[in-house]
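What follows is a set of notes on a single structure, which appears directly below.
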Amino acid sequence: MAVRVVVGAQWGDEGKGKLVDILSRDVDIVARYQGGANAGHTIEIGDQKYILHLIPSGIFNEHIITVIGNGVVIDPVALMEEIRFLESQGVSLKGRLKISHNAHLIMPYHKLLDSLYEKGKRPIGTTGRGIGPAYYDKAARVGIRIVDLLDHDILEARIRRNIEDKNQIIRKIYEEEELDVEHILEEYMRFDTLIDEYVTDTAHFLNDAIRDGKAVLAEGAQGALLDIDHGTYPYVTSSNPVSGGATIGLGIPPTAISSVVGVMKAYTTRVGLGPFPTELDDAIGEHLREKGQEFGSTTGRPRRCGWFDAVAMRYSAMLNGITSCGMTKLDVLSGLEEIRICVGYEYEGKRSDRFQTNLRRLEHMQPVYETFPGWEEDLSSVSSFDDMPAAARSYIAAVEDIIGVRVACASVGPERTQILFPGNEPRW
């Protein structure tokens with residue numbers, strides 16, 4: 001294995017952190033390639049729950065080196081909080097965390113503008129963490145990178161110029177109080193010394209490691225259906241969570257990628273606004289939300305819940321080149337008399353088997369379902385794939401058949417031990 005990419009195959013929150021934690025046991029490096037602190041990867045080890053926002057999930061395996069790539073936008077405040085938290089839990093980061101010198105910084109004005117945009121006439125349901133405005137500045141070529149921290153004269157000039165521009169927007173358009181440039185300068189001048197030991201040229205580091213035969217696991221944030229190019233635009237994130245984003249966000253060649261693992265829930269969820277064909281605004285939707293604890297790990301917002309959308313999943317598998325899937329939260333379906341899978345859409349009386357990124361059409365698509373028998377048994381204590389109820393195994397087989405991708409594992413609870421493999425061994 002050279003590089004294996006783990007992607008969220010739906011609208012995010014699929015449980016990627018748990019899969020990365022498991023897969024990282026057999027690799028040397030885990031690298032994050034896009035997104036920011038708006039993503040939350042939750043890992044449960046024993047009775048301890050860890051929520052990571054920037055540092056890759058593989059950090060809990062002591063032999064792993066973790067990398068935050070150039071495609072990630074980094075909030076230094078959130079990063080330092082996460083570093084201190086992990087160290088307080090006895091997790092050593094010395095020599096095990098490398099941060100790209102080309103990664104862009106999230107500034108206080110990014111967070112403020114993000115929240116102001118959401119209060120406007122066209123909100124899209126962001127987390128308000130400044131991710132979109134930071135990527136906006138990156139594309140506009142006025143962003144501030146980690147490498148800029150090394151030269152205080154350049155850093156000061158760029159911060160002053162940017163805040164002068166942003167304050168115009170803050171004051172004249174939103175009629176809010178301007179940001180204090182001196183306070184921000186003082187705060188950001190300190191970050192150089194705090195993160196200096198972690199900063200490196202990660203593109204060279206990763207390519208040298210690949211050349212030397214090291215195994216690399218690349219993880220994204222959010223999900224493929226939130227991809228800024230291929231998702232339900234404009235209700236998307238500001239970067240490319242699809243597997244192709246790993247090459248740009250880490251500086252590695254496409255030829256280095258050997259396999260792609262897609263992570264999907266046994267049902268479908270979505271946070272924020274945007275079309276959601278299989279959404280359930282009824283007792284079953286509430287069952288999924290409550291039993292699945294479907295509340296955002298970053299914001300605490302309740303997630304919208306619905307049946308598994310195989311049309312969307314086939315689209316995701318095509319975009320990402322998914323070679324195998326991990327199914328999470330299968331245990332949440334226990335107790336339902338019947339379970340449905342969306343196998344197609346209907347629009348104006350016509351059947352379609354293709355996912356639509358045309359927002360107007362997708363909003364009016366009616367799901368076409370196939371129905372499968374449910375099961376009553378609690379799966380949380382099941383320790384073998386073969387010991388699952390026949391209906392649960394049949395459901396997995398149906399999903400495999402409909403999406404055309406092998407399901408390599410099924411998660412039946414939040415802990416890292418609650419994962420089952422067909423044949424009781426991984427087949428990634």
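Note that these values count all heavy atoms, side chains included, but never hydrogens, waters or copies made by symmetry. Just so you know, residue 1 is the first one in the sequence shown, and it goes up from there.
- Here Lys138 pairs with His104, Tyr135 under the side chain to side chain contact (heavy atoms under 4.5 Å, CB included) rule; sequence neighbours left out.
- Side-chain contact between Asp165 and Ile169: absent, with no pair of heavy atoms (C-beta onward) separated by less than 4.5 Å.
- Listed for the Gln293 side chain is a donor-acceptor partner under 3.5 Å among the backbone atoms of Glu290.
- When the shell of 6.0 Å around CG of Asp281 is examined, it contains 12 or fewer heavy atoms from other residues, nucleotides or ligands.
- For the atom pair CE (Met388) and CG (Asp331), the distance works out to 11.0 Å, reported to the nearest 0.5 Å.
- Considering only heavy atoms from C-beta on, Tyr395 comes within 4.5 Å of Ile341 through its side chain.
- One side chain, Asp309 or Tyr345, offers a donor N or O that lies under 3.5 Å from an acceptor on the other.
- A 4.5 Å side-chain heavy-atom check between Leu113 and Tyr117 finds at least one atom pair inside the cut-off.
- Between Phe308 and Thr268 the shortest heavy-atom distance is CA-OG1, 3.4 Å.
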Could you go step by step and tell me if Thr278 and Arg270 meet the side-chain hydrogen bond (donor to acceptor under 3.5 Å, both in side chains) rule?
-> CA-CA 10 Å; Thr278 65; Arg270 176 163 198 168; over 6 Å; no

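- Note that CZ of Arg96 is 9.0 Å distant from NE2 of His63, once rounded to the nearest 0.5 Å.
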Kindly indicate, with the supporting measurements, whether the criterion side chain to side chain contact (heavy atoms under 4.5 Å, CB included) is fulfilled by Ile248 and Tyr33.
-> CA-CA 8 Å; Ile248 298 169; Tyr33 61 84; over 6 Å; no

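- For the pair Trp428 and Arg4, the minimum side-chain heavy-atom distance is below 4.5 Å.
- Between Arg211 and Asp208 a salt bridge is recorded (basic side-chain N to carboxylate O distance below 4.0 Å).
- A donor-acceptor pair under 3.5 Å is absent between the side-chain atoms of Lys214 and the main chain of Asn207, judged by distance alone.
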Evaluation steps, side chain to side chain contact (heavy atoms under 4.5 Å, CB included), between Val242 and Val7 | CA-CA 7 Å; Val242 294; Val7 297; 6.0 Å; no

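- When all heavy atoms are compared, the tightest approach of Gly95 to Ile65 is O-CG1, 4.1 Å.
- Sorted by first and then second residue, the side chain to side chain donor-acceptor pair (under 3.5 Å) pairs involving residues 75-91 (not counting sequence neighbours) are Asp75-Lys111.
- The main-chain N or O of Gly272 is found under 3.5 Å from a side-chain atom of Arg304 such that the two form a donor-acceptor pair.
- Under the 4.5 Å side-chain criterion, counting only non-hydrogen atoms from C-beta, Leu420 is not in contact with Cys409.
- With rounding to the nearest 0.5 angstrom, the CD1 atom of Ile29 is 9.0 Å from the NZ atom of Lys98.
- Considering all non-hydrogen atoms of both residues, Gly231 and Val236 come closest at C-CG1, 3.7 Å.
- Panel note: side chain Arg361, backbone Thr357; no donor-acceptor pair is recorded below 3.5 Å.
- Enclosure of atom CD in Glu175 is not indicated, since only 12 or fewer non-hydrogen atoms of other residues, nucleotides or ligands lie within 6.0 angstrom.
- Ion pairing of Glu286 with Lys291 is absent here, as no side-chain N (NZ or NE/NH1/NH2) approaches a carboxylate O to less than 4.0 Å.
- Here OG1 of Thr66 is found 3.5 Å from CD1 of Ile59. Values are rounded to the nearest 0.5 Å.
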Dump the intermediate steps for side-chain hydrogen bond (donor to acceptor under 3.5 Å, both in side chains) on Asp21 and Ser57, then the final yes or no.
-> CA-CA 6 Å; Asp21 176 55; Ser57 310; over 6 Å; no

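- Other residues, nucleotides and ligands place no more than 12 heavy atoms under 6.0 Å from the OH atom of Tyr136.
- Side-chain contact annotation: Asp201 with His204, donor-acceptor N/O pair under 3.5 Å present.
- Of the possible polar contacts, one joining the Asp28 side chain to the Ala215 backbone as a donor-acceptor pair under 3.5 Å is found.
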After noting the C-alpha distance and the side-chain angles of Leu185 and Ile163, does the key distance pass the side chain to side chain contact (heavy atoms under 4.5 Å, CB included) rule?
-> CA-CA 10 Å; Leu185 276 170; Ile163 292 181; over 6 Å; no

After noting the C-alpha distance and the side-chain angles of Ile64 and Val27, does the key distance pass the side chain to side chain contact (heavy atoms under 4.5 Å, CB included) rule?
-> CA-CA 7 Å; Ile64 293 294; Val27 303; 3.8 Å; yes

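- We find that Glu164 and Arg160 are not joined by a salt bridge, their nearest charged nitrogen and carboxylate oxygen being 4.0 Å or further apart.
- Under a 4.0 Å N-O distance rule, the pair Glu294/Lys265 qualifies as a salt bridge.
- At least one side-chain heavy atom of Asp353 sits under 4.5 Å from a side-chain heavy atom of Arg314.
- Looking at Phe276, Tyr267, Tyr235 one by one, the single match for ring-ring contact (aromatic ring centres under 6.0 Å, His included) with Trp11 turns out to be Phe276.
- Residue-environment remark: OH (Tyr233) stays at or below the threshold of 12 foreign heavy atoms within 6.0 Å.
- Counting only N and O atoms by type, the side chains of Asn102 and Ser100 include no donor and acceptor under 3.5 Å apart.
- The pair Asp137-Lys166 counts as a salt bridge, with a side-chain nitrogen and a carboxylate oxygen less than 4.0 angstrom apart.
- Within the 3.5 Å criterion, the main-chain N or O of Ser239 finds no donor-acceptor partner in the side chain of Gln34.
- Atom CZ of Arg161 has more than 12 neighbouring heavy atoms from other residues, nucleotides or ligands inside a 6.0 Å radius.
- Without hydrogens or angle criteria, Asn240 side chain to Gly245 main chain gives no donor-acceptor distance under 3.5 Å.
- Here the closest non-hydrogen pair linking Leu225 and Ala9 is CG-O, 4.4 Å.
- Between Met264 and Val399 there is a side-chain heavy-atom pair separated by less than 4.5 Å.
- The structure places CE of Met80 at 10.5 Å from CZ of Arg190, a figure rounded to the nearest 0.5 Å.
- Interatomic distance, OG1 of Thr193 versus CG of Leu149, reported as 9.5 Å (0.5 Å rounding).
- When atom types are taken as modelled, the side chain of Arg32 and the backbone of Gly36 share a donor-acceptor pair closer than 3.5 angstrom.
- Put simply, the side chain of Gln10 never gets that close to the backbone of Met313: no donor and acceptor are under 3.5 Å apart.
- Ser243 and Ile257 make their closest contact through O-CD1, 4.2 Å (heavy atoms, listed as atom of the first residue, atom of the second, distance).
- Using a distance-only test at 3.5 Å, with no hydrogens or angles considered, a donor-acceptor pair links the side chain of Asp151 to the main chain of Asp153.
- With contacts defined as side-chain heavy-atom distances shorter than 4.5 Å, the pair Ile396/Leu330 qualifies.
- Salt bridge status for Asp114 with Arg129: absent, with no side-chain N to carboxylate O gap under 4.0 Å.
- Looking at every heavy atom in both residues, Val260 comes nearest to Gly321 through CB-O, 3.7 Å.
- For Ser411 and Lys18, the side-chain atoms include at least one donor-acceptor pair closer than 3.5 Å.
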